[in-house]
Amino acid sequence: MSVLSYLEKRASEAVLSSTENSSISTSISTLKSRLNAHFGSGLSDHFQFGSSTRGTILPRKMDANSDIDYMVVFSESGYQPQTYLDRLKTFVNKYYASSEIYQSSPTIVLELNHIRFELVPALKHWLSGYQIPDGSGGWMQSDPNDFNNTLTEKNKTELYKIKPTIRLVKFWNANAGVVYNSYLLEKWIVGLYYAADTNQTQYLFRVFDNMVANMAAQWRNDKIKRAKEIVANVRQFEKDAMPYSAESEVKKLILE
C-alpha cells in the first residue's frame with residue numbers, strides 16, 4: 001500500500017458508519033420531542049449545528065470526545081447565561097437521569113452510550129444570529145452555521161479534498177492531545193491556499209507544512225514539530241524510492 005492509498009483509506013474510515021448515524025438520528029429525534037414537551041413555548045427554536053452538520057465529525061472510535069452540538073434558543077430574554085444553563089440542567093436531569101450530565105461552561109454536556117451532546121443555551125440577537133454564553137458569565141454574538149457554506153464551497157473548489165483532509169487532521173489532533181481547538185482548526189484549514197495540490201497526500205501535508213510551533217504550551221509545540229518531522233521523513237523515503245518505509249512512517253502521523 002502506498003502513502004496515498006493509506007491516507008485515502010483512513011480518510012474514508014473517518015466518517016460515521018450507517019449504524020452510528022442511525023443511533024445519533026434517533027437520539028436527536030428523542031431530544032427534540034423531550035425539549036418540546038418540557039419547555040413548550042419557552043423555546044423559540046432548537047437545532048443541531050457544528051461539525052456534525054458540516055460532515056467533519058469523527059466517529060467515536062477515532063475521537064472519544066466527538067460530540068453533537070445542539071443549540072437551545074429560549075424565548076424569554078433578560079437573564080444571564082447561568083439561568084438558562086440551570087434550566088437545561090434541570091431538563092436533562094429529568095429525562096436522562098441515568099446518563100452522565102455535567103456543566104462544561106458554557107454548555108451542558110449529556111453523555112449517552114454512543115454519543116455526547118453539548119447543549120448550548122441561546123437567545124435570538126436583536127440584529128441577526130444568536131447570543132450564546134461567552135464562558136465568563138456574559139453573552140457573545142454567534143451565527144452557528146455561518147461556516148457551513150464556506151466549507152462546502154471550499155471543498156468543491158479543492159477537488160472535494162478539504163473535508164477528508166479536515167477529518168484526518170482532526171484525528172491527528174485528537175491523538176496528539178488536542179493541540180488545537182477543533183472548530184478553529186477547521187476554519188484555518190479552509191483558509192489555506194493549496195496551490196497545485198491534487199491528491200490527498202498533498203492536501204494533508206500542505207496543512208502540516210503551514211503549522212507553526214509558536215504555541216504557548218511547549219507540549220503543543222513538540223507535537224507540531226514531531227508531525228512536521230514525520231512529513232519530512234515520508235517525503236524523503238518516497239524520494240529515495242522506499243515506499244514501504246514511507247508508508248510505515250506516515251502511520252506514525254495518521255495511526256492505523
Side-chain angles (χ1 to χ4, degrees), residues 7-40 43 45-74 84-85 87-122 130 132 142 144-145 147-149 151-152 155 160 162-178 181-183 185-186 254-256:
L7 291 176
E8 289 175 337
K9 174 177 176 290
R10 293 302 281 147
S12 68
E13 293 168 347
V15 296
L16 300 183
S17 67
S18 58
T19 301
E20 200 165 4
N21 263 318
S22 177
S23 295
I24 290 171
S25 294
T26 298
S27 294
I28 290 174
S29 178
T30 300
L31 176 64
K32 286 180 176 180
S33 63
R34 288 176 174 178
L35 282 167
N36 289 332
H38 183 80
F39 290 107
L43 299 182
D45 202 0
H46 51 91
F47 53 88
Q48 183 181 353
F49 72 102
S51 62
S52 64
T53 65
R54 295 191 294 271
T56 54
I57 187 174
L58 293 178
R60 294 202 95 183
K61 66 182 180 181
M62 297 184 81
D63 182 3
N65 293 315
S66 278
D67 57 34
I68 302 294
D69 296 308
Y70 200 89
M71 185 167 288
V72 182
V73 187
F74 288 87
Y84 302 101
L85 287 164
R87 292 179 184 178
L88 284 177
K89 189 140 188 207
T90 297
F91 161 75
V92 293
N93 281 329
K94 176 180 177 180
Y95 289 93
Y96 298 93
S98 62
S99 301
E100 184 179 355
I101 299 163
Y102 56 93
Q103 180 171 332
S104 176
S105 183
T107 68
I108 296 297
V109 178
L110 170 62
E111 290 270 8
L112 303 180
N113 290 332
H114 56 286
I115 195 63
R116 179 173 73 180
F117 281 98
E118 293 218 8
L119 305 181
V120 182
Y130 301 88
I132 63 172
S142 174
N145 288 317
F147 178 53
N148 291 26
N149 289 337
L151 172 57
T152 297
N155 193 49
Y160 295 92
I162 297 299
K163 287 187 179 183
T165 297
I166 286 175
R167 290 192 291 266
L168 287 174
V169 177
K170 286 176 67 173
F171 179 47
W172 165 82
N173 191 49
N175 280 298
V178 190
N181 171 277
S182 182
Y183 174 64
L185 180 61
E186 288 194 34
I254 305 299
L255 307 181
E256 287 188 276

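F39 and F91 have tilted rings, their planes meeting at an angle from 30° to 60° on a 0 to 90° scale. Using cut-offs of 30° and 60° for the angle between ring planes, the F74 and Y84 rings count as tilted.
The shortest heavy-atom contact between L35 and H46 is CD1-ND1, 3.8 Å. Here the closest non-hydrogen pair linking L110 and S99 is CD1-CB, 3.8 Å. The minimum heavy-atom distance between P106 and L85, with the atom names listed, is O-CD2, 3.6 Å. Across all non-hydrogen atoms, the minimal contact from D69 to S51 is OD2-N, 4.3 Å. In terms of heavy-atom proximity, L168 sits nearest to A11 at CD2-N, 3.7 Å. Here the closest non-hydrogen pair linking R60 and L112 is NH1-O, 3.8 Å.
The side-chain heavy atoms of I28 and Q48, taken from C-beta on, include a pair separated by under 4.5 Å. By the 4.5 Å heavy-atom criterion applied to side chains, V72 and V120 are not counted as neighbours. Side-chain contact between R10 and M62 is present, with heavy atoms from C-beta onward closer than 4.5 Å. Within the 4.5 Å cutoff, the side chain of L119 has heavy atoms near those of the L31 side chain.
Taken from CZ in F49 to CD1 in I132, the straight-line distance is 6.5 Å, to the nearest 0.5 Å. S29 OG to R34 CZ: the interatomic distance, rounded to the nearest 0.5 Å, is 10.5 Å. To the nearest 0.5 Å, atoms CD1 (I115) and CG (L16) are separated by 7.0 Å. For the atom pair CG (N65) and CG (L58), the distance works out to 10.5 Å, reported to the nearest 0.5 Å. Here the NZ-CG distance, from K163 to L151, works out to 5.5 Å after rounding to the nearest 0.5 Å. Rounded to the nearest 0.5 Å, atoms OG1 (T90) and CD1 (I108) are 9.0 Å apart.
Side-chain atoms of E186 and T56 form a donor-acceptor pair, as typed in the model, at a separation below 3.5 Å.
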Pair N173-D63, side chain to side chain contact (heavy atoms under 4.5 Å, CB included): steps then yes or no:
CA-CA 9 Å; N173 191 49; D63 182 3; over 6 Å; no

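Formation of a donor-acceptor pair under 3.5 Å by the S27 side chain with backbone atoms of S23 is found in this model. The closest donor-acceptor contact from the side chain of N175 to the backbone of F171 lies under 3.5 Å. When atom types are taken as modelled, the side chain of T30 and the backbone of T26 share a donor-acceptor pair closer than 3.5 angstrom. In this structure a side-chain-to-backbone donor-acceptor pair under 3.5 Å is missing from R167 to E13. Distance alone, capped at 3.5 Å, is enough to place a donor-acceptor pair between the N155 side chain and the I162 backbone.
Checked against side chain to side chain donor-acceptor pair (under 3.5 Å), E118 has the following partners two or more places apart in sequence or in another chain: T107. Residues that satisfy the ring pair (Phe, Tyr, Trp, His ring centres under 6.0 Å) test with F47, not counting sequence neighbours, are Y130. When the side chain to side chain contact (heavy atoms under 4.5 Å, CB included) test is applied to S17, the partners found at least two apart in sequence or on another chain are T19, E20.
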